[in-house]
Each structure stands twice: as structure tokens, then as C-alpha cells.
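To start, the structure itself, in C-alpha cells.
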Amino acid sequence: MAAVSGLVRRPLRQVSGLLKRRFHRTAPAALQVTVRDAINQGMDEELERDEKVFLLGEEVAQYDGAYKVSRGLWKKYGDKRIIDTPISEMGFAGIAVGAAMAGLRPICEFMTFNFSMQAIDQVINSAAKTYYMSGVAAQHSQCFAAWYGHCPGLKVVSPWNSEDAKGLIKSAIRDNNPVVVLENELMYGVPFEFPPEAQSKDFLVPIGKAKIERQGTHITVVSHSRPVGHCLEAAAVLSKEGVECEVINMRTIRPMDMETIEASVMKTNHLVTVEGGWPQFGVGAEICARIMEGPAFNFLDAPAVRVTGADVPMPYAKILEDNSIPQVKDIIFAIKKTLNI
Amino acid sequence: MRKMLAAVSRVLSGASQKPASRVLVASRNFANDATFEIKKCDLHRLEEGPPVTTVLTREDGLKYYRMMQTVRRMELKADQLYKQKIIRGFCHLCDGQEACCVGLEAGINPTDHLITAYRAHGFTFTRGLSVREILAELTGRKGGCAKGKGGSMHMYAKNFYGGNGIVGAQVPLGAGIALACKYNGKDEVCLTLYGDGAANQGQIFEAYNMAALWKLPCIFICENNRYGMGTSVERAAASTDYYKRGDFIPGLRVDGMDILCVREATRFAAAYCRSGKGPILMELQTYRYHGHSMSDPGVSYRTREEIQEVRSKSDPIMLLKDRMVNSNLASVEELKEIDVEVRKEIEDAAQFATADPEPPLEELGYHIYSSDPPFEVRGANQWIKFKSVS
């Protein structure tokens with residue numbers, strides 16, 4: 001029940017959030033594309049480019065996608081390429097893996113990643129041990145980066161903005177390996193500036209490479225998915241106080257781009273990681289462990305700090321839910337603590 | 001060829017009582033083929049089933065005999081090597097079930113596809129890999145078909161997708177391969193096998209539904225050997241009519257100890273699928289002589305008498321041999337000769353599998369990803385690194 005009302009409630013909050021939110025702007029004439037449309041574009045281009053690509057999942061065809069991510073694709077490509085499945089996650093995930101083993105390139109969509117847990121055996125045991133491609137899904141109430149990131153044989157990507165979303169799904173489709181694409185459905189309706197390169201059909205965001213969204217000198221802030229936006233907001237606030245944060249958008253969870261993170265830490269001497277997932281055995285924990293193992297450790301002037309979701313199952317009441325995920329104020333607090341200001 | 005044989009036989013007739021040598025054997029006047037009656041299959045949602053008679057040519061008969069004998073001896077050799085601790089880990093043997101793997105292969109084309117669970121050595125052979133590669137994989141050497149990294153449950157060949165360890169998971173995979181067959185439009189079918197134990201997995205019913213809905217060219221095959229590990233079918237299934245459990249999917253129940261019955265049923269099922277009617281289900285009634293795996297003696301949940309009875313009355317190799325000898329398709333000596341050749345082949349393969357070196361440690365991290373540039377893989381601690389190449 002909580003999940004269903006979460007689905008219904010979110011769009012409304014999303015709208016009010018949009019009204020309050022500042023868009024990431026530069027030149028006024030720049031093209032704005034929402035994350036949803038960017039993913040749609042990416043899939044459309046790849047469906048057109050390679051006839052072995054097809055999409056299957058619940059409501060992806062005639063319903064245009066539960067979150068409208070696959071809008072228009074069924075009308076364009078028809079029953080053979082865009083397939084509505086019954087509610088059988090384990091079954092159709094297995095079918096997707098089998099089709100990939102036989103040479104096709106399926107995009108297997110889980111309506112929410114929670115549903116994917118029924119199929120996690122197929123993703124981990126069948127997919128990770130054979131070479132194939134899989135992917136698209138939305139996060140619901142839980143971040144699965146740590147779950148899937150744990151597993152060798154998988155690649156795991158986590159887009160933040162529209163450019164990430166389009167570029168990563170295109171790379172995922174073209175990759176000959178199983179790729180889990182952790183979309184965040186709260187981001188679907190958010191428009192971002194779409195640079196000219198991203199408008200090309202050959203635009204790809206490489207898997208395994210992080211992006212420095214904002215240069216800074218005082219502290220490295222590493223994040224993935226929706227929290228990247230929060231980190232940038234925190235950075236904007238802190239900039240007014242004379243603190244310049246370097247914000248890194250991981251883009252890929254596995255294989256992780258430690259080089260970019262290490263180089264940044266060696267420059268700024270401070271590290272805060274930010275993620276939506278639970279703290280234990282999470283993405284931040286992995287980053288901290290690896291920092292200690294590498295050259296950047298000796299450059300730290302303070303212990304690395306993690307900002308994460310609260311270590312609780314996702315609660316229902318709004319105030320509880322809001323406080324279960326990292327907010328801008330939590331990020332600012334952690335940064336100031338790390339910098340001892 | 002026939003004329004030549006007849007000519008040779010005219011020259012050498014009179015020498016037929018000597019111990020068999022290839023030329024002398026070839027001089028015997030064997031029948032070219034013979035017609036046999038086979039058991040009628042039980043049908044579910046089908047008006048007609050496979051034919052109840054079939055023609056077996058001498059050539060095919062010899063081929064099937066050799067293949068079944070090879071699988072039999074290969075499995076027995078694996079048993080021996082396992083007891084000598086040269087093979088370790090999981091090892092599930094299929095002796096007793098040879099008519100299934102050889103019969104299924106006889107009913108399809110090499111361009112068709114097949115996937116099964118963990119009792120897979122027989123299928124690995126019938127789908128085209130050599131005994132050498134199979135045994136060397138069991139012994140974990142670099143000459144194995146998966147370079148020693150897969151073991152018993154993870155062997156693959158062209159159009160053969162293993163070898164799968166998770167019970168039942170291979171069934172949706174098989175439906176997916178069938179989807180690809182339909183998608184590619186080449187009239188290929190996929191044989192998707194599972195056991196009587198796996199038949200109760202929910203994901204199999206999900207696969208039935210989607211296969212029927214989308215008319216996938218999938219032949220679902222339940223290899224019913226009466227026991228899911230130590231649990232007999234009566235103790236596991238509310239309905240043991242496995243051929244009916246596809247409900248809306250038509251089904252056949254087949255005598256899995258008779259290779260000709262299996263072959264005809266497979267031909268029938270494949271034709272059904274190829275005609276675009278959608279999936280079909282076959283239950284093969286068969287039996288395994290060994291326990292579930294090498295760690296199961298196989299007698300705590302069934303009697304030795306039962307095993308002995310099947311061996312003496314229904315052994316698939318014996319059934320084929322009797323048919324061929326009684327119809328003059330082959331002689332006892334000729335078949336014995338094949339036995340000798342097979343034994344030698346297995347022995348050579350076993351020697352290779354025992355002597356071949358293990359894969360090098362440097363390759364521990366290899367083949368994690370496909371088509372990727374090399375990267376580093378962490379070992380047991382941060383200082384141990386392995387290289388990974390695709």
C-alpha cells in the first residue's frame with residue numbers, strides 16, 4: 001500500500017518541487033530535455049540503429065510505460081520490438097537473459113527495482129555468469145547500487161541528469177555485458193540543459209568514467225544519481241561562504257572510477273561521499289575503503305565522511321520519508337564538519 | 001555401397017563364423033533398415049500424436065548405439081575419476097538416461113537449440129563436444145571446454161546453453177532463446193529441459209504462460225527420472241502427470257528409455273513448433289542409475305531391487321542392441337567391437353584429462369566481461385591483483 005501511494009504522491013510533490021527548483025541554466029536559448037525524454041531518445045536511437053535491440057517489461061508498450069519512459073516506442077516499432085509482459089519478473093528476466101544468450105539485445109525493464117528482487121537470481125546467477133545485456137529500471141524506495149554493485153560480472157550505472165540518462169543507456173545497450181541501469185523515477189520529469197553533443201545519435205557516456213560537475217579546491221564531494229543535484233545545491237550555498245566544493249558525479253558504480261576520485265582528493269585533501277542508499281556495506285563505504293588503500297589516503301587532512309540514507313526501511317509518513325534520505329542541509333553539515341568550520 | 005558390399009560378401013561368404021574383423025563383418029548381409037513398433041504416447045490436448053512405428057536404418061542404429069555407449073562409459077569413467085578424487089565438487093551423472101540425450105538430438109537439427117540443468121554431460125556430448133573436452137573440464141584442466149573454470153554444471157557448445165546450477169532458472173532462459181528463434185525467423189526451435197523436481201518451480205509456469213501467449217517455438221521437456229534428489233515424484237507433486245502441467249500447452253508422455261520413441265516424439269514436437277503453433281511439452285519417463293550426485297549413494301530413498309529391475313528390463317542401450325541384432329541390422333560382434341572402440345576413446349580421454357595441466361593462476365580474472373579492454377581485479381587483499389582480459 002505504501003508503495004502504491006508513494007507512486008501516486010510523488011508526481012504531485014515533484015510538480016511543486018519543480019516550481020521551487022532552479023533549473024541548471026547557462027545560455028537562455030539552450031535546449032532543455034527531461035531525464036525521461038533523454039532515456040526515451042536513447043532507446044529510440046538504439047532501437048533504430050540495431051534491429052536486434054528490443055524492449056520488454058510490464059506496460060512498456062500500449063501503456064507507453066508506467067512512468068512514460070517508453071512513450072511512443074510501441075507505435076513506432078510495433079509488437080515485435082516492444083513487448084508487454086505479464087506480471088512475471090522472474091520469468092521475463094529469464095527470457096531476456098535467454099534471448100541475449102541467443103544473440104539479441106534485450107532491454108529488460110523492471111517497473112521498480114523492488115520488483116526486480118524476484119528476478120535477482122536471473123540477474124546475478126544467469127546474467128552475471130554469461131555475457132549478455134540487460135538493464136533499464138527505476139528505483140522505487142530503495143537504492144540498489146550496493147546490491148548490484150557487489151557482483152562481479154555485472155556493470156552498474158547510475159545516471160543523474162538527462163545527458164547521463166541518454167548517454168548511459170546507449171552505452172549500456174551497446175555493451176556486450178549485462179548492465180544494470182539504476183534510474184531514479186523522481187528524476188524523470190526534471191528538465192536539464194542538453195548540450196549540442198548530447199543531441200547526436202552517436203552520443204555516448206562511457207561506462208566506468210566519472211564526471212566532475214563542479215570544480216573546487218576545498219573538499220571533494222562524491223555522489224551518484226539524484227543526490228548529485230543536492231550536492232550541487234549544497235556547493236552553491238557554501239560558495240557564498242567562501243568554501244569551494246568539487247562535486248563528482250560517479251555515473252558508474254561498477255566499475256568504479258577511482259582515479260578521478262583519488263586525483264580530486266589529492267587536490268582538496270577532504271572527502272565526503274553522498275548516496276541515497278543505506279549506510280551499511282554501501283557505495284560510500286566502498287569509496288572510503290579504497291581511498292585508504294590508495295595514494296590519496298596520505299593527502300587526507302580529516303577522516304572521510306559518508307552521507308547516506310537513514311539505516312531504516314523506507315517509512316511512509318512524509319516527514320519521516322523526507323528525513324530518511326540525505327537532504328541539502330545534511331550534506332552541508334557533513335562538509336562543514338569535515339572542514340572543521 | 002550396397003553393390004560393393006554384396007560383391008565382397010559373394011567373395012568372402014563362408015568365412016562368417018570367424019571372430020569379427022571389420023572386413024568380414026562388412027561382408028555379412030545386414031538389413032539396410034528395419035521397421036519397429038514403438039509405444040504410443042499419452043496425449044494432452046492433442047488429437048494425434050507421434051507415429052507408432054518407425055524405420056531405423058542400420059547407419060542410424062550404429063550411430064545411436066555408439067553415442068549411447070559413449071555417454072554411458074563416459075559417465076562411468078567420471079564416477080571412477082571422482083572416487084579417485086581426480087574430479088571434485090558437484091558431479092551429476094546421467095547413466096540410464098542415454099536414450100533421452102541421444103534421442104532428442106536425433107529428432108532435431110544441429111541449428112536448433114538446447115538448454116538443460118545440471119545433469120548435463122550427456123547433452124554436452126550429443127551437442128557436439130568431445131569426451132576429451134568434457135572429462136578435462138570435469139578434472140578442471142585447461143583443455144576442458146570451459147578451460148577448467150566451469151566444471152560439471154557449466155559446459156557450453158554451439159547452440160547448447162549449458163549446464164545450469166539454479167534449479168528451474170534455465171526454463172525461462174530457454175523460453176528466451178525460443179523468443180530469439182522466432183524473432184530471427186529461421187524456423188529454429190529450442191529444447192528447454194528440466195527435471196521432475198524443477199517442474200514445481202513457479203518460474204516455469206511463468207515461462208509456460210509467456211511461451212503460449214507469444215507462440216514461442218519452445219519444446220518444454222520434463223526429464224522425469226522419478227526422483228528429485230531424494231524425493232520421489234509422489235512426495236513432491238500434487239500431480240505427477242508432468243506432460244499435462246502446461247495446462248493450455250499440449251503435451252506428450254514419452255517412453256524415455258526407448259531411443260526410437262524419444263526420436264519420433266521429438267520429430268513430432270519440433271514439427272509442431274516449427275509450424276508456428278506455439279510451445280509444446282514432452283515428458284520423458286526415464287531413470288538414473290546413480291544417485292542424485294556423486295555424494296549420494298542413491299539407495300536411502302529407493303531400493304536396490306528397483307534399480308536392478310530397470311537395468312535388466314529397460315536399459316536403453318540393451319533395448320536398442322536387442323532390436324538391432326534381432327532385426328539383423330547389426331551383429332553382436334559388431335556391437336562388441338564398437339564397445340571396444342568406445343572404451344579406448346574414453347580411456348584416452350581420461351588419460352588426457354588426468355595429465356593436462358590446470359589453467360594458469362594468472363588467468364583467474366579472465367573473461368569476467370566480454371569485449372572489454374583489460375582491467376585489474378582485486379584478489380584476497382588489496383595487494384593481490386589479477387589481470388582481466390575479455
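Residue numbers begin at 1 in each chain, while the letters A, B, ... track the order of the sequences. These numbers come from the heavy atoms of this one structure, side chains and all, not from hydrogens, waters or symmetry mates. Remember, predicted model here, so these are calculated numbers, not experimental data.
- Counting heavy atoms of neighbouring residues, nucleotides and ligands inside a 6.0 Å radius, atom NZ of A/K52 does not exceed 12 of them.
- Annotation: maximal heavy-atom pairing with chain B below 4.5 Å, among A/R81, A/M90, A/Q118, A/E293, occurs at A/E293.
- The 12-atom threshold is not exceeded at OH of A/Y63, counting heavy atoms of other residues, nucleotides or ligands nearer than 6.0 Å.
- In B/K387, the NZ atom is not crowded: 12 or fewer heavy atoms of neighbouring residues, nucleotides or ligands sit closer than 6.0 Å.
- Within a 6.0 Å sphere centred on NZ of B/K385, heavy atoms belonging to other residues, nucleotides or ligands number more than 12.
- Atoms CG and OG, on B/N209 and A/S88 in that order, are 6.0 Å from each other to the nearest 0.5 Å.
- The shortest heavy-atom contact between A/N176 and B/S370 is CB-OG, 3.7 Å.
- Among all heavy-atom pairs drawn from A/G91 and B/P172, the shortest one is O-CB, 3.4 Å.
- Within the 4.5 angstrom heavy-atom criterion, atoms from both the backbone and the side chain of A/K155 approach chain B.
- Here the closest non-hydrogen pair linking B/I368 and A/N177 is O-OD1, 4.4 Å.
- Separation of atoms CG (A/D175) and OG (B/S371) is listed at 7.5 Å; rounding is to 0.5 Å.
- Between the side chain of A/Q122 and the backbone N or O of B/A169 there is at least one donor-acceptor pair closer than 3.5 Å.
- Here the side chain of B/Y369 pairs a donor or acceptor atom with the backbone of A/L154 at under 3.5 angstrom.
- Taking CG of A/D84 as the reference point, atom CG of B/L213 lies at 10.0 Å (rounded to 0.5 Å).
- No side-chain heavy atom of B/E206 sits less than 4.5 Å from a side-chain heavy atom of A/F92.
- The number of heavy-atom neighbours closer than 6.0 Å to CZ of B/R274, taken from other residues, nucleotides and ligands shown, is above 12.
- The distance from the CG atom of B/L179 to the CD1 atom of A/I95 is 6.5 Å, given to the nearest 0.5 Å.
- Of the two parts of B/W214, only the side chain, counted from C-beta on, holds a non-hydrogen atom closer than 4.5 Å to a non-hydrogen atom of chain A.
- More than 12 heavy atoms of other shown residues, nucleotides or ligands fall within 6.0 angstrom of atom NZ in A/K80.
- Top candidate by heavy-atom pairs under 4.5 Å with chain A, chosen from B/R378, B/Q170, B/H113, is B/R378.
- Residue B/I204: no heavy atom, backbone or side chain, is found under 4.5 Å from chain A.
- Heavy-atom distances place both the backbone and the side chain of B/I177 under 4.5 Å from chain A.
- Using a 4.5 Å cut-off between heavy atoms, B/N184 touches chain A through its side chain atoms alone.
- Atom CZ of A/F297 sits in a sparse spot, with 12 or fewer heavy atoms from other residues, nucleotides or ligands closer than 6.0 Å.
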